[in-house]
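Single-structure report; data block below.
Order of listing sets the numbers, starting from 1, for every ligand and every atom in it. Note that the structure is predicted; figures quoted are calculated from it, not measured.
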Amino acid sequence: MNKAQVIHRLGPPDVMQWQDWPVPDPARGEVRLRHTAIGVNFADTYHRGGVSHPWKVDEPPVVIGFEGTGIVEGVGDGVTGFRTGDRVAYGIPPLGSYSEVRNYPADKLLHLPDTLDDRQVAALLMKGMTAHYLLHRTYKVEPGDTILVHAAAGGMGLILCQWANALGATIVGTVSTPEKVEAARAAGCHYPVVRPHANFVDVVREVTDGEGCAVVYEAIGKDTLQHSLDCLRPMGVCAAYGHVSGPPDPVDIIQDLGRRGSLFITRPAIMHYVARRSDLEWTARDLFKAIGEGILDANINYEYPLKDAVRAHRAIGSGKTLGATVLIP
Ligand SMILES: NC(=O)c1ccc[n+]([C@@H]2O[C@H](COP(=O)([O-])OP(=O)(O)OC[C@H]3O[C@@H](n4cnc5c(N)ncnc54)[C@H](OP(=O)(O)O)[C@@H]3O)[C@@H](O)[C@H]2O)c1
């Protein structure tokens with residue numbers, strides 16, 4: 001019998017239980033796949049703990065997770081692009097990746113290039129596609145732009161720094177401890193700032209000769225968002241893509257955006273940017289190319305057996321992790 005980390009109620013990491021998980025034959029349009037590696041994302045803790053979850057509370061038992069690589073074991077009716085034995089990857093819902101075997105819609109699935117390693121892609125696909133749209137579409141980073149990346153040594157932060165550096169940006173990045181400074185710097189962050197010891201608003205102003213930065217990649221939320229707005233140049237963009245410290249206070253469009261200089265703020269989400277199959281494909285193609293060219297390193301610093309997912313969640317919930325975490329079935 002296949003096993004999975006099954007959740008019967010919302011709660012702390014140990015609500016995940018390692019138990020038998022029967023998987024039916026794939027339905028029409030679905031592929032059945034056996035995971036080779038599973039990506040762990042901060043959002044998984046929201047889905048487990050109840051901060052936000054794309055399933056109804058009366059729906060459990062459920063299996064969380066939405067990123068992984070695997071081998072196709074069977075295809076449902078109507079599937080044309082995939083065959084048994086194909087190496088595949090995915091990085092968007094539906095949930096269910098914390099499992100040995102699952103069914104997944106073929107129209108959201110990607111072929112895994114032969115040259116790329118399963119673990120590398122499981123660690124990078126969702127976060128890498130997010131970094132792609134943040135750096136190329138939410139705001140198009142140009143050579144010479146100064147940008148601010150919060151939590152620069154976190155999973156998303158390291159990817160944003162590596163890719164933005166390759167695009168020619170000057171990067172100010174915030175981290176919470178001196179130990180994380182070197183990791184951020186190694187990923188291409190030019191000015192790592194330890195919060196709250198140094199005021200990142202002052203650093204951004206200094207680096208930009210008082211003008212402010214073009215864009216803030218804001219993943220911390222409650223603790224930092226208002227200060228992030230103070231860092232922006234006129235018409236600058238705040239891409240508030242995460243809120244690890246809690247949801248930010250409401251933003252007043254006149255006081256907070258108008259008064260500071262016609263700022264833009266957006267709450268972008270990966271699902272919207274890759275909802276069309278064509279967008280998913282070109283985003284993934286660019287990402288796979290960047291991985292292949294060595295622009296992006298997965299920085300897999302934590303690897304747990306899938307049966308130990310509880311430990312992985314305790315670690316990322318502590319905020320002390322550095323880089324990516326993967327689960328191995
Ligand atoms: N909108 C989207 O499309 C999208 C896609 C991917 C991720 N996200 C979001 O991006 C955020 C970061 O994701 P990630 O995968 O990079 O997470 P991660 O690897 O766990 O890193 C999060 C970092 O946030 C910092 N942090 C500050 N306060 C924290 C707290 N109270 N608890 C935990 N961490 C705290 C920590 O860095 P320091 O110690 O340096 O502060 C930590 O390393 C999450 O909110 C996630 O949901 C959004």
If we number the atoms of ligand 1 from 1 as shown, the ones under 4.0 Å from a heavy atom of Tyr133 are 1 (N), 2 (C), 3 (O)

Exactly one of Asp86, Leu280, Leu33 should register a side chain to side chain contact (heavy atoms under 4.5 Å, CB included) with Leu109. Which one does? Leu33

Mutual orientation of the aromatic rings belonging to Tyr46 and His243 [parallel < 30°, tilted 30-60°, perpendicular > 60°]: parallel

Are Ile64 and Ile7 side-chain neighbours, meaning at least one heavy-atom pair lies under 4.5 Å? yes

Should Thr174 be counted as touching ligand 1, given the test is an N or O pair under 3.5 Å? no

One finds that the ligand 1 atoms under 4.0 Å from a non-hydrogen atom of Pro268 are 1 (N), 2 (C)

Proximal atoms of ligand 1 relative to Lys127 (non-hydrogen, under 4.0 Å): 15 (O)

If you measure every N or O of Lys180 against every N or O of ligand 1, does any of those distances drop under 3.5 Å? yes

Taking non-hydrogen atoms only, is Tyr46 closer than 4.0 angstrom to ligand 1 via side chain, backbone, both or neither? side chain

Which ligand 1 atoms, with their elements, are less than 4.0 angstrom from a heavy-atom of Arg267? 1 (N)

Ligand 1 atoms in contact with Arg195 (distance to a heavy atom under 4.0 Å): 27 (C), 38 (P), 41 (O)

Assess whether a salt bridge exists between Arg48 and Asp44, defined as any Lys/Arg side-chain N lying under 4.0 Å from an Asp/Glu carboxylate O. no

Can you tell which of Met126, Lys222, Met129, Met156 gets a heavy atom nearest to atom 16 (O) of ligand 1? Met156

Considering only heavy atoms, does Val175 approach ligand 1 within less than 4.0 Å through its side chain, its backbone, both, or neither? both

Nearest protein heavy atom to atom 32 (N) of ligand 1, by residue and atom, and its distance? Val244 O, 3.9 Å

Parallel, tilted or perpendicular: which one describes the rings of Tyr273 and Tyr133, with boundaries at 30° and 60°? parallel

State plainly whether one hydrophobic cluster holds both Ile38 and Leu125, where clusters connect Ile, Leu, Val, Met, Phe, Trp and Tyr through side-chain heavy atoms under 4.5 angstrom apart. yes

Go through ligand 1 atom by atom and flag the ones less than 4.0 Å from a non-hydrogen atom of Thr321. 43 (O)

Does Glu206, at its CD atom, have more than 12 non-hydrogen atoms belonging to other residues, nucleotides or ligands within less than 6.0 Å? no

Under a 3.5 Å cutoff, is there a donor and acceptor pairing between the side chains of Thr45 and His313? no

Is there a nitrogen or oxygen of Tyr241 sitting under 3.5 Å from a nitrogen or oxygen of ligand 1? yes

Going by the order shown, which atoms of ligand 1 are within less than 4.0 Å of some heavy atom of Ala151? 23 (C), 24 (O), 25 (C), 37 (O)

Using a 4.0 Å heavy-atom threshold (strictly under), name the region of His150 that reaches ligand 1: side chain, backbone, both or neither. neither

Side chain, backbone, both or neither: Lys320 near ligand 1, heavy atoms under 4.0 Å: neither

Among Ala131, Gly155, Ser176, Ala153, closest by any non-hydrogen atom to atom 38 (P) of ligand 1: Ser176

Does the plane of the ring in Phe200 sit parallel, tilted or perpendicular to the ring in His150? Use 30° and 60° as the thresholds. perpendicular

Please walk me through it: do Thr224 and Glu218 pass side chain to side chain donor-acceptor pair (under 3.5 Å)? CA-CA 8 Å; Thr224 51; Glu218 169 53 89; 3.0 Å; yes

shortest atom 17 (O) of ligand 1-to-protein heavy-atom contact is with Phe42 CB, 3.6 Å

Once rounded to the nearest 0.5 Å, what's the spacing between atom OG1 of Thr174 and atom NZ of Lys180? 10.0 Å

Contact region, Ala152 to ligand 1, non-hydrogen atoms below 4.0 Å, reads neither

Are Ile291 and Met156 joined in one hydrophobic group, where the rule is that I, L, V, M, F, W and Y side chains link up if heavy atoms are under 4.5 Å apart? yes

